[in-house]
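So the structure is just underneath, and the comments pick up after that.
Residue numbers begin at 1 in each chain, while the letters A, B, ... track the order of the sequences.
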Amino acid sequence: MTETFKYGAALAADIEARWQEHWEREGTYEAPNPSGSLADDSGRAKLPKKFIMDMFPYPSGAGLHVGHPLGYIATDVYARRLRMTGHNVLHTLGFDAFGLPAEQYAVQTGTHPRVSTEENIGNMRAQLRRLGLGHDVRRSVSTIDPAYYRWTQWIFLQIFNSWYDERAGRARPIADLVAEFESGARACPDGRDWSELTAAERASVLGGYRLAYASDAPVNWCPGLGTVLANEEVTADGRSERGNFPVFKSRLRQWNMRITAYADRLLDDLEALDWPEAIKLQQRNWIGRSEGARIDFTIPAVGGAPANGGTDHTVAVFTTRQDTLFGATYMVLAPEHHLVDAIVPATWPEGTRPAWTGGHADPREAIAAYRERTAAKSDVERQADAREKTGVFTGAFAINPANGERVPVFVADYVLMGYGTGAIMAVPAHDVRDFAFARAFDLPMRCVVRPTDDRGTDPAEWDDAFVSHDAEIIDSSGPGIVLDGLDVSAAKKRMTTWLEQEGVGEGTINYRLRDWLFSRQRYWGEPFPIVYDEDGIAHALPESMLPLELPEIDDYSPRTFDPEDADTQPETPLSRNREWVEVELDLGDGPRRYRRETNTMPNWAGSCWYELRYLDPLNTDRLVDPGIERYWMGPRDGMPLGGVDLYVGGAEHAVLHLLYARFWSKVLYDLGHVSSAEPFHRLFNQGMIQAHVYRDSRGFPVPATEVEERDGRWYHGDEPVTRELGKMGKSLKNAVTPDEICAEYGADTLRLYEMAMGPLDVSRPWDPRAVVGQFRLLQRLWRNVVDETTGGTVVVDEAPDEATLRAMHKAIDGVGRDLDALRFNTAIAKITELNNHVTKQGRVPREVAETLVLLIAPLAPHIAEELWHRLGHTDSVVHRPYPHADPAYVVDETITCVVQIRGKVKARLEVAPDIAETELESIALAHPTVRGALGDAGIRKVIVRAPKLVNIVPA
RNA sequence: GCCCGGAUGGUGGAAUGCAGACACGGCGAGCUUAAAACUCGCUGGCCCUCCAGGGUCGUGCCGGUUCGAAUCCGGCUCCGGGCACCA
């Protein structure tokens with residue numbers, strides 16, 4: 001068989017396999033640590049460092065399609081450019097391997113999730129290996145590895161064993177809090193002395209402080225998945241993010257993370273991060289900070305009415321519009337509000353309108369009926385009639401503290417128990433929802449903010465509420481307070497001050513963010529390192545007992561339970577292994593019987609901190625060595641909070657992974673385990689690769705590869721099909737795998753094509769025909785260097801001509817800047833342009849050939865390495881200096897000259913840098929705009945000044 | 001409803017002072033018995049043309065700023081994304 005030197009699929013495959021093996025053997029992509037087991041004597045640890053990361057993949061059984069590696073290729077190109085510009089670059093990829101699909105597969109087949117997951121990881125590694133990604137494989141971690149999740153559990157214990165000290169503004173060890181209680185420096189919540197409390201009472205008090213705590217509260221129960229879910233995992237229409245199953249509220253005892261303690265810091269620190277504005281905005285909205293006030297309304301005892309016990313009650317409301325308190329004409333409690341039953345009188349007050357009673361004989365009956373009606377609504381239904389206002393009168397009245405007015409109290413489901421205090425003051429004139437409710441129930445409205453449009457001040461004549469943050473307050477004066485004439489923000493301040501003086505309220509801040517529900521009733525996750533003693537008190541396992549490995553069970557299936565029955569809890573898979581659950585342990589006070597926690601952690605846990613483990617993956621004593629962590633991630637110029645230099649991934653994790661990881665980072669920072677207060681300094685969201693979906697007349701997708709185009713229409717065989725743009729995937733029968741592209745053209749072509757398709761951050765369709773364009777580029781480049789019959793080189797040992805030199809240095813300059821800015825598509829266009837230039841010349845000077853090879857090396861590393869080798873070099877392009885443009889050739893051939901008339905710029909001229917003054921003068925005077933501007937005025941003087949300014953003084 | 005982002009040839013997209021780089025597709029030619037995963041040329045519309053070139057319109061729509069606008073400003077239209085009874 002004769003050897004061929006034509007760059008085709010076979011040769012590309014040969015080159016790629018050869019160099020991949022070489023790089024692996026040489027450890028080419030290993031990044032040294034400054035110390036520890038991954039340190040070396042290459043001296044590279046002394047270089048400026050860069051830590052580049054991808055969002056690591058879930059090892060799905062479906063394998064990769066070409067959309068998955070888009071980000072991995074981008075970070076690889078960027079990392080290679082950094083290596084070639086003298087950086088010590090840490091780039092690797094692990095696997096986020098706990099999660100539902102493997103468990104669902106186990107339910108169906110009985111295969112242990114570990115077995116299927118590890119097989120999937122193996123397949124995915126093989127797929128990724130073909131792409132020639134320059135990863136430091138020593139640092140690749142997998143979240144299901146006990147050596148890894150040992151530290152996930154360890155971090156959980158750090159969080160469990162700490163509390164948020166509001167005064168210090170940071171987390172501290174729980175032992176400090178105990179010491180404060182013991183010394184009396186801090187009073188116990190219920191006013192008793194710490195020493196008098198039983199162990200269970202102490203545990204309960206501390207549970208109110210711990211950053212990880214168990215609580216009994218309404219949670220999102222998803223029967224379809226057999227587990228509870230975090231708020232972030234439930235979509236706006238009340239379904240599970242994964243699987244799209246309905247979600248119901250149910251009261252269950254679950255573990256939570258006190259992420260709300262960090263709301264302000266999570267919000268404020270966004271400012272220092274180099275993240276897309278859209279993601280920052282999503283996080284800001286999710287945290288949902290609103291400044292306002294708590295206002296106490298008194299509901300006086302109804303004389304002799306047994307229902308409210310004959311005592312006064314105080315109901316606190318939260319509002320951001322305390323300035324409109326004088327406009328509050330009624331009050332609303334959420335149906336679940338705990339004071340509803342206490343305030344309801346036995347009978348309707350005299351003169352209650354029939355429309356307010358819902359047709360019921362007494363208030364208690366009316367409220368019971370209303371509760372039943374709203375509770376039966378699932379979140380989906382509640383969403384459907386979101387705008388329709390329903391409610392019922394409680395029969396009670398509250399006193400508006402500003403003017404002493406008696407206002408009716410309603411129950412309505414447009415007020416949510418989970419936000420603020422679960423009660424509102426209703427100002428129908430200045431709130432759209434209150435306006436709608438007041439209209440429906442014929443409640444009075446009072447205008448207290450002067451409308452800035454022509455609607456007048458009688459709300460009865462309005463079509464909607466008047467909402468403005470920039471208007472004047474009117475008709476708002478009461479005992480000790482006058483707001484009239486103030487603007488909204490001044491009125492808010494004055495009202496807050498008054499509320500605080502009178503002791504009927506205070507300025508407060510509310511957040512939309514809720515604590516993170518952290519336990520799942522599933523098997524395939526990290527077990528909690530928690531045991532309960534006979535009194536039900538939770539104890540942390542000592543570090544020496546970590547990792548707490550997942551026990552074996554023989555039935556992985558989730559169970560549903562009866563949410564109606566308050567005494568039941570969902571059965572957890574881990575509880576099925578009795579020997580594992582019931583244990584005798586010595587936690588320091590002798591062997592005792594304990595029961596293990598049988599929930600598992602959500603699959604976000606492993607991804608909350610994996611960047612840290614990449615740094616020091618073999619360390620068995622610590623999560624990460626502090627010196628190594630500071631080296632790669634510590635605060636530095638322009639990054640006061642530290643973090644990874646570049647993190648690339650999809651935008652779908654905006655309020656999930658990206659929020660959780662920031663939270664864990666801050667806890668670890670507070671407790672002194674890391675120097676970086678933020679995990680990811682710079683974030684980049686890559687777009688999606690879309691693909692055409694072809695559907696037959698019944699709407700079913702047909703395989704995209706079997707569709708033919710004829711006269712602008714598409715046919716599957718003889719059947720016409722429709723075409724639309726959609727996600728790439730198995731179910732839509734349009735997936736293209738990297739393997740098939742590699743087989744047809746090679747990995748370098750795939751890499752180039754993915755990078756050349758368009759800007760990295762926008763979604764764009766995969767065009768199967770267009771891939772060949774990048775293949776042709778590589779073929780032309782190959783032929784410019786290699787003699788296809790002998791395998792020798794065709795480059796000539798002569799200096800490039802002037803035009804070529806200029807083209808070359810322009811390309812070097814542009815490509816370098818494009819790569820630094822992640823503009824890979826334009827970088828490729830510039831390389832192509834230069835390559836086309838020399839192709840047309842027919843002869844390629846060695847200097848140009850070598851430049852081309854180095855320029856393309858980050859994008860197409862295999863062919864670059866091969867060509868570099870064939871050009872007679874024995875070193876690797878990987879650590880070669882990237883070409884540097886000679887500024888002499890990059891300067892523009894023309895400069896801009898400004899023409900002014902009466903000191904005003906009238907025109908700009910592109911002229912040669914060395915143009916003579918007299919010539920410049922005549923060009924300026926010949927310019928049509930200049931001639932027009934001068935008109936008949938004539939010219940008195942033309943002054944040409946350095947650098948190039950033509951000043952024309954009209955006569 | 002509110003908040004973001006976008007609109008440039010047949011297609012993906014370049015371009016912050018020469019609109020359409022680079023690529024696909026298309027057309028024409030070459031090589032070839034034949035082919036293309038080969039090579040070369042042309043390829044926004046309209047018009048003129050002595051075939052060398054030239055003119056003119058043109059970046060979703062309307063208006064503005066500017067010597068000059070795809071780019072900046074104001075107002076629309078359409079598309080994509082996020083949030084949504086959060087007081």
Side-chain angles (χ1 to χ4, degrees), chain A residues 6-9 12 235-237 276-282 284-286 288-290 292-293 317-322 324 332 334 382-383 385-389 412-416 418-427 430-434 436-437 464 510-514 651-652 654-655 709 712 725 744-745 749 752-753 756-759 761-780 783 788 814 823 825-836 839-840 894 896 898-901 904-910 927-930 932-933:
Chain A
K6 262 183 146 57
Y7 189 79
T235 60
D237 57 353
E277 260 323 300
I279 302 287
K280 287 191 186 183
L281 204 66
Q282 277 189 64
R284 281 189 203 111
N285 289 342
W286 189 258
R289 179 187 153 108
S290 355
V317 304
F318 173 73
T319 180
T320 56
R321 293 300 302 272
Q322 60 270 39
T324 62
V332 186
R382 202 178 281 232
Q383 182 64 22
D385 51 25
R387 307 268 145 211
E388 203 183 305
K389 295 288 178 287
D413 68 351
Y414 84 93
V415 173
L416 310 174
Y419 184 79
T421 62
I424 62 157
M425 65 178 207
V427 185
H430 306 295
D431 181 281
V432 290
R433 296 149 306 184
D434 297 344
F437 189 85
D464 57 5
N510 239 289
Y511 300 90
R512 205 184 91 113
L513 184 72
R514 319 278 173 79
E652 66 273 17
V655 293
E709 186 180 350
L725 215 49
E744 207 175 342
Y745 302 105
T749 297
L752 277 175
Y753 179 64
M757 286 171 81
D761 55 351
V762 302
S763 296
R764 57 207 169 271
W766 180 267
D767 182 353
R769 290 178 307 188
V771 182
V772 69
Q774 301 308 322
F775 187 59
R776 288 183 189 141
L777 164 64
L778 293 180
Q779 285 180 319
R780 288 197 299 273
R783 277 197 307 272
E788 291 196 321
R823 290 188 304 250
N825 54 331
T826 51
I828 291 169
K830 282 165 188 152
I831 295 170
T832 308
E833 208 175 352
L834 177 61
N835 190 53
N836 289 351
T839 304
K840 271 186 196 125
T894 58
T896 304
V898 175
V899 183
Q900 288 187 349
I901 300 174
K904 214 178 161 204
V905 174
K906 281 294 167 192
R908 287 168 203 270
L909 311 171
E910 294 295 317
H927 193 280
T929 317
V930 173

Check whether any side-chain heavy atom of A/Tyr419 lies under 4.5 Å from a side-chain heavy atom of A/Phe318, and answer yes or no.
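A/Tyr419 vs A/Phe318: side chains touch.
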A/Ile424 and A/Asp434: CA distance, side-chain angles, deciding distance, side-chain contact (heavy atoms from CB on, under 4.5 Å) verdict
CA-CA 10 Å; A/Ile424 62 157; A/Asp434 297 344; 3.5 Å; yes
What nucleic acid atoms does [X] come within less than 4.0 Å of, heavy atoms only: base, sugar-phosphate, or nothing?
| X | answer |
| --- | --- |
| A/Lys280 | nothing |
| A/Arg289 | nothing |
| A/Ile424 | base |
| A/Arg512 | base |
| A/Asn825 | sugar-phosphate |
| A/Ala9 | base |

With both distances under 3.5 Å as the test, what is the Watson-Crick or G-U wobble partner of [N]?
| N | value |
| --- | --- |
| B/U77 | B/A7 |
| B/G1 | B/C83 |
| B/A29 | B/U39 |
| B/U56 | B/G45 |
| B/A14 | none |
| B/U65 | none |

Before giving the answer on side-chain contact (heavy atoms from CB on, under 4.5 Å), spell out for A/Val898 and A/Lys906 the whole-Å C-alpha distance, their side-chain angles and the decisive distance to 0.1 Å.
CA-CA 8 Å; A/Val898 175; A/Lys906 281 294 167 192; over 6 Å; no
side-chain contact (heavy atoms from CB on, under 4.5 Å) between A/Gln282 and A/Asn285, intermediate numbers included:
CA-CA 5 Å; A/Gln282 277 189 64; A/Asn285 289 342; 5.7 Å; no
Can you work out whether A/Thr826 or A/Arg321 has the more 5'-proximal nearest nucleotide on RNA chain B?
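It is A/Thr826 whose nearest nucleotide is closer to the 5' end.
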On RNA chain B, does the nearest nucleotide to A/Ala278 precede the nearest nucleotide to A/Thr839 from the 5' side, or the other way round? Give the residue.
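Comparing both residues, the 5'-ward one is A/Ala278.
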Just how far, in rounded Å, is [atom2] of [N] from [atom1] of [X]?
| X | N | atom1 | atom2 | value |
| --- | --- | --- | --- | --- |
| A/Trp766 | B/G13 | CH2 | P | 14 Å |
| A/Ile279 | B/G81 | CD1 | P | 15 Å |
| A/Phe775 | B/A36 | CZ | C1' | 11 Å |
| A/Lys389 | B/A87 | NZ | P | 14 Å |
| A/Asp761 | B/G13 | CG | P | 11 Å |
| A/Asp413 | B/C85 | CG | P | 11 Å |
| A/Glu277 | B/C4 | CD | P | 10 Å |
| A/Tyr745 | B/A36 | OH | P | 14 Å |

Of all the choices, [options], which nucleotide is nearest to the side chain of [X] once you look at every atom?
| X | options | answer |
| --- | --- | --- |
| A/Asp431 | B/G82, B/A87, B/G13 | B/A87 |
| A/Ser290 | B/A87, B/G12, B/C38 | B/A87 |
| A/Tyr414 | B/G12, B/A37, B/C85 | B/C85 |
| A/Gln779 | B/A87, B/G13, B/A37 | B/A37 |
| A/Ala829 | B/C22, B/C4, B/G13 | B/C22 |
| A/Leu416 | B/G12, B/A87, B/U39 | B/A87 |

Please write out each protein N/O paired with an N/O of nucleotides 66-72 of chain B under 3.5 Å, distance rounded to 0.1 Å.
from: B/C67; atom 1: OP1; to: A/Lys904; atom 2: NZ; distance (Å): 3.4
from: B/C67; atom 1: OP1; to: A/Val905; atom 2: O; distance (Å): 3.4
from: B/C67; atom 1: O4'; to: A/Lys906; atom 2: O; distance (Å): 2.5
from: B/C67; atom 1: O2'; to: A/Thr929; atom 2: OG1; distance (Å): 3.3
from: B/C67; atom 1: N1; to: A/Lys906; atom 2: O; distance (Å): 2.9
from: B/C67; atom 1: N4; to: A/Arg908; atom 2: NE; distance (Å): 2.7
from: B/C67; atom 1: N4; to: A/Arg908; atom 2: NH2; distance (Å): 3.4

Where does B/G9 fall, syn or anti, if syn means a chi angle no more than 90° from 0?
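Here the answer is syn: the torsion falls within 90° of 0.
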Between [N] and [M], how far is it from one [atom1] atom to the other, in whole Å?
| N | M | atom1 | result |
| --- | --- | --- | --- |
| B/U11 | B/C18 | P | 24 Å |
| B/A87 | B/U16 | P | 42 Å |
| B/C76 | B/C4 | P | 15 Å |
| B/U65 | B/G26 | C1' | 42 Å |
| B/G41 | B/C46 | P | 24 Å |
| B/C79 | B/A84 | P | 23 Å |
| B/C24 | B/A14 | C1' | 15 Å |
| B/C61 | B/U8 | C1' | 15 Å |

Below 3.5 Å is the cut-off: list the nitrogen or oxygen pairs between protein and nucleotides 23-27 of chain B, distance only.
from: B/A23; atom 1: OP1; to: A/Arg780; atom 2: NH2; distance (Å): 3.3
from: B/A23; atom 1: OP1; to: A/Asn836; atom 2: ND2; distance (Å): 3.2
from: B/C24; atom 1: OP1; to: A/Arg776; atom 2: NH1; distance (Å): 2.5

Which atom pair, heavy atoms only, marks the closest approach of [X] to [Y]?
| X | Y | result |
| --- | --- | --- |
| A/Ala9 | A/Glu744 | CB-O, 3.3 Å |
| A/Met757 | A/Pro765 | CE-O, 3.3 Å |
| A/Val415 | A/Gly422 | CG1-O, 3.5 Å |

Between atom CZ of A/Arg783 and atom CG of A/Asn835, what is the distance when rounded to the nearest 0.5 Å?
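If we round to the nearest 0.5 Å, A/Arg783:CZ and A/Asn835:CG are 9.5 Å apart.
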Nearest 0.5 Å please: distance from the CZ atom of A/Arg289 over to the CZ atom of A/Arg284.
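The CZ atom of A/Arg284 is 12.5 Å from CZ of A/Arg289, to the nearest 0.5 Å.
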Assess A/Lys389 against A/Phe437: is NZ or CZ under 6.0 Å from the centre of the six-membered ring, and within 45 degrees of the ring's axis?
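Judged by the rule, A/Lys389 and A/Phe437 form no cation-pi pair.
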Could you pull out every donor-acceptor pair under 3.5 Å between side chains of residues 771-780 of chain A and any protein atom, sequence neighbours left out?
from: A/Gln779; atom 1: NE2; to: A/Tyr7; atom 2: O; distance (Å): 3.2
from: A/Arg780; atom 1: NE; to: A/Asn836; atom 2: OD1; distance (Å): 3.2
from: A/Arg780; atom 1: NH2; to: A/Asn836; atom 2: OD1; distance (Å): 3.3

Please evaluate residues A/Tyr753 and A/Trp766 with respect to the criterion ring-ring contact (aromatic ring centres under 6.0 Å, His included), reporting the C-alpha separation (whole Å), side-chain torsions for both, the decisive distance (0.1 Å), and the verdict.
CA-CA 10 Å; A/Tyr753 179 64; A/Trp766 180 267; 4.9 Å; yes
Donor/acceptor link under 3.5 angstrom from A/Lys830 side chain onto base of B/C22
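In this structure, the two groups form no donor-acceptor pair.
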